[in-house]
Structures are given as structure tokens and as C-alpha cells.
Trainee: 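Okay, here's the structure, questions in a sec.
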Amino acid sequence: DTEVTQTPKHLVMGMTNKKSLKCEQHMGHRAMYWYKQKAKKPPELMFVYSYEKLSINESVPSRFSPECPNSSLLNLHLHALQPEDSALYLCASSQEMGAGGFFGPGTRLTVL
Amino acid sequence: GIQVEQSPPDLILQEGANSTLRCNFSDSVNNLQWFHQNPWGQLINLFYIPSGTKQNGRLSATTVATERYSLLYISSSQTTDSGVYFCAVERNSGGYQKVTFGTGTKLQVIP
């Protein structure tokens, strides 16, 4: 299994909703990442987990809350988002922290 | 922080043509990757190339780390090559390896 899966593919939520994005990999990678990508822009790093511990938080607002329940799973909990948070959210994994690695197909999030 | 610029920003090719995409970076890096993002948003890892030259089918890449640039060559382009090509560099920042994506090249291959 050499892929990263993400669910859901699309998500529409209101500003008062609570939702979660899910990412899974079974390649034995020990680093997992969340990126945010706005239209026509490159991906921007949000969080990095290394060996199930949060290693990097790129000054992301607290309305985004990451969680790594085990070495194969990565969640991103969303609460009280703003319309400007609408974007493609990409998950990635790599053997160790730092390598760009393998990307999932992304979740297209729309905040109304 | 490090600046990663790609050129050209946009490129239109006739099917069968060859092209060269460039990635310039402003500081030394530990590693460099090339990605293709298809029209549906999926990022595909093309090359992991901190230095030297690699080839994979119609694609090849060369990184000259001492001169801070990398090139991606696409030969005999096909319509399926359309999308955005990103380079991403990795360097030590504040005690960890940080990945920074370039500005991207949007490629359209027309029949």
C-alpha cells in the first residue's frame, strides 16, 4: 500500500459547525503533515507530526486542531472557521520529518 | 525565509513538444523535490533530487545545488502532462527540516 487517503473529498460547513478531516497511511511513515492550499497558490505547511508528536505548528489559528491518534492516522478538527479558510487541505506522509513525501488527494473545504 | 521562484509561471505547449521548467532558490538546501499537481488537485511526487540528474521515462531533472537551481525536462509532451508543476525545497530552520514550495509553473498541453 503506497498511498495516502483522505476523507471526505469535499466538505461544506457553516461558521458555527464542528467537523473533522481524516488522513490515513499504511506505509510505515513516521512523519505526517497538514498543508493548506488556496486557489492558484502553492501548498503552505500547517502542522507536522513526527513519531505521533506535534513537532511543528506554523502559527496556525486555534480554530484548527490537529490530532494524531496513532502512527497511521492524522486528523484535523475544525471549529468556528471563517470563509477565508476555504481551501484545499492536503495531508502528506514521509519516512522521516522533512522529506516532502507522498500526498493524499486532499479535501476541498468550503466555509459558508 | 528562503525564496523559491519558478519559471515560467505559465506555459502552453503543442502535444509532442519539449520543455524545460526552472526552479531557483535563494539559500542552500538539504533536499529538493519536483511535484505534478493534476487538475483535480492531486500532488504526485516526480523526483527527489538534492543534486545530480535523474530520469524517469519522458521526464528528467537536474539539480545544481551549488548554483541554487533545478531544472525539470519534459520531452514529447502529452495532454496528460497538463497541470501545475511545483518544486519544493527542504532546509534546516530552527532545528527542524522545513519544506517550502515554489511558486509553480502552470502547464497546458494542447492537442
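Just so it is clear: chains get the letters A, B, ... in the order the sequence lines come, proteins before strands, and each one is counted from 1.
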Trainee: Over all heavy atoms of both residues, which pair between Gly102(B) and Pro42(A) is shortest? Give the atoms and the distance, please.
Mentor: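 Looking at all heavy atoms of both residues, the closest pair is O-CB, 3.1 Å.
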
Trainee: About how many Å separate CG of Leu43(B) and CD of Gln37(A), when rounded to the nearest 0.5 Å?
Mentor: 6.0 Å

Trainee: Group every Ile, Leu, Val, Met, Phe, Trp and Tyr by side-chain heavy-atom contacts under 4.5 Å, then state whether Leu109(A) and Leu45(A) land in the same group.
Mentor: no

Trainee: Going from CZ on Phe102(A) to CG on Asn45(B), what distance comes out if it is rounded to the nearest 0.5 angstrom?
Mentor: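 One finds 6.0 Å between CZ of Phe102(A) and CG of Asn45(B).
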
Trainee: State yes or no: do Leu13(B) and Trp34(B) share one hydrophobic cluster built from I, L, V, M, F, W and Y residues joined by side-chain heavy-atom distances below 4.5 Å, directly or via other members?
Mentor: yes

Trainee: Please determine whether residues Phe35(B) and Tyr85(B) belong to a single hydrophobic cluster, defined as Ile, Leu, Val, Met, Phe, Trp and Tyr linked transitively by side-chain heavy-atom distances below 4.5 Å.
Mentor: no

Trainee: Hey, quick one: are Tyr69(B) and Leu72(B) part of the same hydrophobic cluster, counting side-chain heavy atoms closer than 4.5 Å, chains of contacts allowed?
Mentor: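 No; Leu72(B) is not reachable from Tyr69(B) via cluster members.
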
Trainee: Hey, is NZ on Lys9(A) packed in by over 12 heavy atoms from elsewhere, all under 6.0 Å?
Mentor: no

Trainee: Taking 4.5 Å as the heavy-atom cut-off, does anything in residues 72-91 of chain A contact chain B, and if so which residues?
Mentor: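 Residues in range: Leu88(A), Leu90(A).
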
Trainee: Which atoms of Lys40(A) come close to chain B, meaning under 4.5 Å heavy atom to heavy atom: side chain ones, backbone ones, both, or neither?
Mentor: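 The answer is neither part of Lys40(A).
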
Trainee: How many angstroms lie between CZ in Phe101(B) and CD in Glu44(A), if you round to the nearest 0.5 Å?
Mentor: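 CD of Glu44(A) is found 11.0 Å from CZ of Phe101(B).
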
Trainee: If hydrophobic clusters are built by linking Ile, Leu, Val, Met, Phe, Trp and Tyr wherever their side-chain heavy atoms come under 4.5 Å apart, do Leu21(B) and Leu46(B) end up in the same one?
Mentor: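 In one cluster with Leu21(B): Leu46(B), yes.
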
Trainee: For chain B, which residues from residues 53-67 of chain A lie under 4.5 Å away (heavy-atom distances)?
Mentor: Ile56(A), Glu58(A)

Trainee: Decide yes or no on side-chain contact (heavy atoms from CB on, under 4.5 Å) for Phe103(A) and Ile44(B), but give the supporting numbers first.
Mentor: CA-CA 7 Å; Phe103(A) 278 78; Ile44(B) 307 297; over 6 Å; no

Trainee: With side chains defined as the heavy atoms from C-beta onward, is the minimum distance between Phe86(B) and Pro43(A) less than 4.5 Å?
Mentor: yes

